[in-house]
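First up is the structure itself, then whatever we jot down about it.
Keep in mind that the numbers below use all heavy atoms, side chains included, and drop hydrogens, waters and symmetry copies. Remember, predicted model here, so these are calculated numbers, not experimental data.
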Amino acid sequence: PLLYYLWETKVVRSNGAAPIALILCLILVSPASAEEPLGESIYDYLSLPPGAESIATGPTIDLSDCVRKALKDNDLIQASLAAIEASKEGRAQAKATRFGEISASLSRIRYNDDMAAFAGKDEATASNLVYDVPIFTGGAIKAGIRMANAGVEATKEKSEQTRQDTVFDLVKTYMSLLGTQWLVVLGKEHVKAFDLQLELVQARISAGAAVDSERLRVEMAREEARERLIRFENGRRRAAAALNLTMATPIEEDRAATDPQVFRALEEKPAQAFVRARIHHPQLKQALANVRMKAQELSQAKAKLLPTVGLNVIYGDANAMFAGDNTSTQVLLAAQAPLYKGGSMRAKVRETRQRLKEAKEQAQFAERHIRFEIVQAHLDVNEAWKRIGVTRRAMASATENARITAERYRSGAAIVLELVDAQVSLLSARTSVLNALIDYAVALARYHRASGDVWRFFPKSRRFKFE
């Protein structure tokens with residue numbers, strides 16, 4: 001924070017110290033170079049029995065591949081890149097005003113007066129070449145160029161914010177797809193469990209230890225599980241459609257999302273993220289660029305109160321009636337000063353001064369809001385991480401309860417309703433673990449986006465930047 005303060009106050013920018021200060025800031029703010037270990041997989045967290053159907057069978061699509069496709073083809077990102085090019089052309093226009101303007105004119109004139117009769121001409125053609133260059137504008141041109149530079153920077157930061165927002169939306173839809181895929185797996189395991197229960201009940205009926213009503217109860221539970229599985233499969237299709245919308249590049253419906261394995265505890269403190277955000281957050285950098293734009297706009301408004309001086313060079317026919325016979329070169333040095341415009345120019349200065357104040361207040365609000373988002377996102381990450389632990393312990397208890405209930409039913413110590421309820425409770429517990437995992441991944445992505453670097457969501461081995 002001290003180095004950042006010195007950098008922003010330009011204390012270390014003089015005497016060639018800027019590169020050294022920037023390197024020190026990057027070293028202190030950047031994370032350690034060691035590779036972060038990958039977290040456990042969803043399969044490990046759910047503690048499914050051996051032989052459980054895998055979601056990764058057949059064609060798969062990785063989260064990093066989805067992000068690359070989205071950054072390449074997403075419509076909003078392409079629009080932001082076009083806006084950058086447009087702002088660069090605006091900057092080129094601002095710079096071009098320094099070099100003046102060259103124009104050519106060709107006119108055909110018909111006369112009907114005594115002078116034309118004296119000259120023996122009733123028509124004439126005149127041509128002129130004019131070069132007009134500003135000499136003094138009170139700093140308006142330089143202010144316009146600086147404002148255009150700030151505009152380009154603001155547009156770039158807005159584009160970066162668009163990319164990060166797109167990546168965050170993509171992470172949400174991708175994790176939704178991954179979650180629904182695992183719900184399908186849990187639903188299929190649920191149906192299989194009822195198939196096994198039905199076999200157990202049939203064996204007890206054959207031994208005369210159970211009645212048909214128990215078999216019917218298990219069959220009803222199995223049909224309910226199949227109905228639930230249908231809803232899970234439809235949810236997976238909807239998640240795939242949402243992912244295609246964000247990517248702008250449709251993928252095959254049977255493509256399976258792979259586990260990003262980002263489920264690891266967050267050890268960073270909110271203060272560390274805020275220091276990084278003050279340096280890297282595109283929203284804050286865009287707000288500061290807007291402040292610089294408004295400051296230069298104020299300079300332009302003040303410059304219009306001053307006189308201007310321009311040089312005008314004309315080469316051609318001084319008198320169209322004697323075109324071709326009276327070619328000359330005229331050099332004019334003109335000064336122009338605004339005397340009275342009803343107070344509109346000073347009102348413009350006051351307006352731009354208030355616009356500058358507005359931009360500064362918005363920048364301060366953006367900084368406070370970023371701090372708030374980081375704190376809130378950090379709380380959400382910690383809450384989701386704790387939920388993973390709690391739901392995992394509840395799932396272990398539900399698994400053990402299902403096993404004990406099945407043994408008790410075999411021995412005749414439990415009724416069929418207990419058997420069915422134990423299996424339903426196990427599915428609910430596994431679903432809670434899965435939801436906690438998906439919520440944690442989304443909260444982690446939101447935390448990194450709040451700090452202005454959503455790319456940190458990815459492990460270093462998969463992290464990339466889009467140029």
Provide the closest heavy-atom pair for [X] versus [Y] in the form atom of the first, atom of the second, distance.
X	Y	answer
F99	Y131	O-OH, 3.2 Å
Y174	L63	OH-N, 3.3 Å
P307	A337	CB-CB, 3.7 Å
E267	Q272	O-OE1, 4.5 Å
I370	A277	CG2-CB, 3.9 Å
A422	N401	CB-ND2, 3.7 Å

For [Y], does its backbone N or O pair with a side-chain atom of [X] as donor and acceptor, under 3.5 Å?
X	Y	answer
T405	A402	no
H281	A450	yes
Q197	L419	yes
N74	T246	yes
R430	L427	no
Q181	A257	yes
Q78	K72	yes
S176	K172	no
T162	K158	yes

Side chain to side chain, [X] and [Y], heavy atoms closer than 4.5 Å:
X	Y	result
L71	V167	yes
V130	I102	no
Y440	V381	yes
L333	I135	yes
R278	E367	yes
E351	E297	no
Q364	R368	yes
R163	L81	yes

Self-check item: Residue R355 excluded, over 12 heavy atoms near CZ under 6.0 Å
Solution: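 Count not over threshold, so no.
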
Quiz item: With a cut-off of 6.0 Å (strictly less than), are more than 12 heavy atoms of other residues, nucleotides or ligands near CZ of R346?
Solution: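 Count not over threshold, so no.
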
Self-check item: Short N-O contact, E153 and K285, less than 4.0 angstrom
Solution: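 Not counted as a salt bridge, because no side-chain N and carboxylate O are separated by less than 4.0 Å.
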
Self-check item: Cationic N near anionic O, under 4.0 Å, E233 to R236
Solution: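 Not counted as a salt bridge, because no side-chain N and carboxylate O are separated by less than 4.0 Å.
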
Return the [atom1] to [atom2] distance between [X] and [Y], rounded to the nearest 0.5 Å.
X	Y	atom1	atom2	answer
M395	I388	CE	CD1	11.5 Å
L183	K188	CG	NZ	12.5 Å
S103	L129	OG	CG	7.5 Å
R353	K294	CZ	NZ	14.5 Å
Q164	I77	CD	CD1	10.5 Å
R222	L196	CZ	CG	11.0 Å

Can a side-chain donor-acceptor contact be found between [Y] and [X] if the only test is distance below 3.5 angstrom?
X	Y	answer
R231	N234	no
S397	R393	no
Q376	D380	no
E157	Q161	no
D44	S41	yes

Quiz item: What is the ring orientation for H190 with F194, classed by angle as parallel under 30°, tilted 30 to 60°, or perpendicular over 60°?
Solution: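 Rings of H190 and F194: perpendicular, as their planes differ by over 60°.
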
Quiz item: For the residue pair W182 and Y43, does the interplanar ring angle fall in the parallel (under 30°), tilted (30 to 60°) or perpendicular (over 60°) class?
Solution: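 Rings of W182 and Y43: tilted, 30 to 60°.
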
Exercise. Please determine which of T431, L437, N435 meets the side-chain contact (heavy atoms from CB on, under 4.5 Å) test together with V433.
Key: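 So, applying the side-chain contact (heavy atoms from CB on, under 4.5 Å) to V433 and each of T431, L437, N435, only L437 qualifies.
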
Self-check item: side-chain contact (heavy atoms from CB on, under 4.5 Å) between V420 and R217, intermediate numbers included
Solution: CA-CA 8 Å; V420 172; R217 181 65 186 88; 4.1 Å; yes

Quiz item: Passes side-chain contact (heavy atoms from CB on, under 4.5 Å), L170 versus L243? Steps please.
Solution: CA-CA 7 Å; L170 190 65; L243 182 64; 3.3 Å; yes

Practice problem: Applying salt bridge (charged side-chain N to carboxylate O under 4.0 Å, His left out), run through K386 and E383 and close with a yes or a no. | Solution: CA-CA 5 Å; K386 292 177 181 178; E383 177 187 348; over 6 Å; no

Practice problem: Let me see the working for E223 and E219 under side-chain contact (heavy atoms from CB on, under 4.5 Å), right down to the final yes or no. | Solution: CA-CA 6 Å; E223 295 308 314; E219 287 180 350; 5.6 Å; no

Quiz prompt | ring-ring contact (aromatic ring centres under 6.0 Å, His included) partners of residues 66-89, not counting sequence neighbours, each pair once | solution =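 As it turns out, there is no ring-ring contact (aromatic ring centres under 6.0 Å, His included) pair with a partner in residues 66-89 once direct neighbours are skipped.
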
Practice problem: Apply salt bridge (charged side-chain N to carboxylate O under 4.0 Å, His left out) to K192 and D195, showing your working. | Solution: CA-CA 5 Å; K192 289 180 181 179; D195 288 338; over 6 Å; no

Practice problem: Evaluate the criterion side-chain contact (heavy atoms from CB on, under 4.5 Å) for residue pair W455 and V67; output intermediate values, then yes/no. | Solution: CA-CA 10 Å; W455 314 104; V67 172; 4.1 Å; yes

Exercise. Quick one: do R91 and S87 satisfy side chain to side chain donor-acceptor pair (under 3.5 Å)? Show the steps, please.
Key: CA-CA 6 Å; R91 180 175 61 184; S87 65; over 6 Å; no

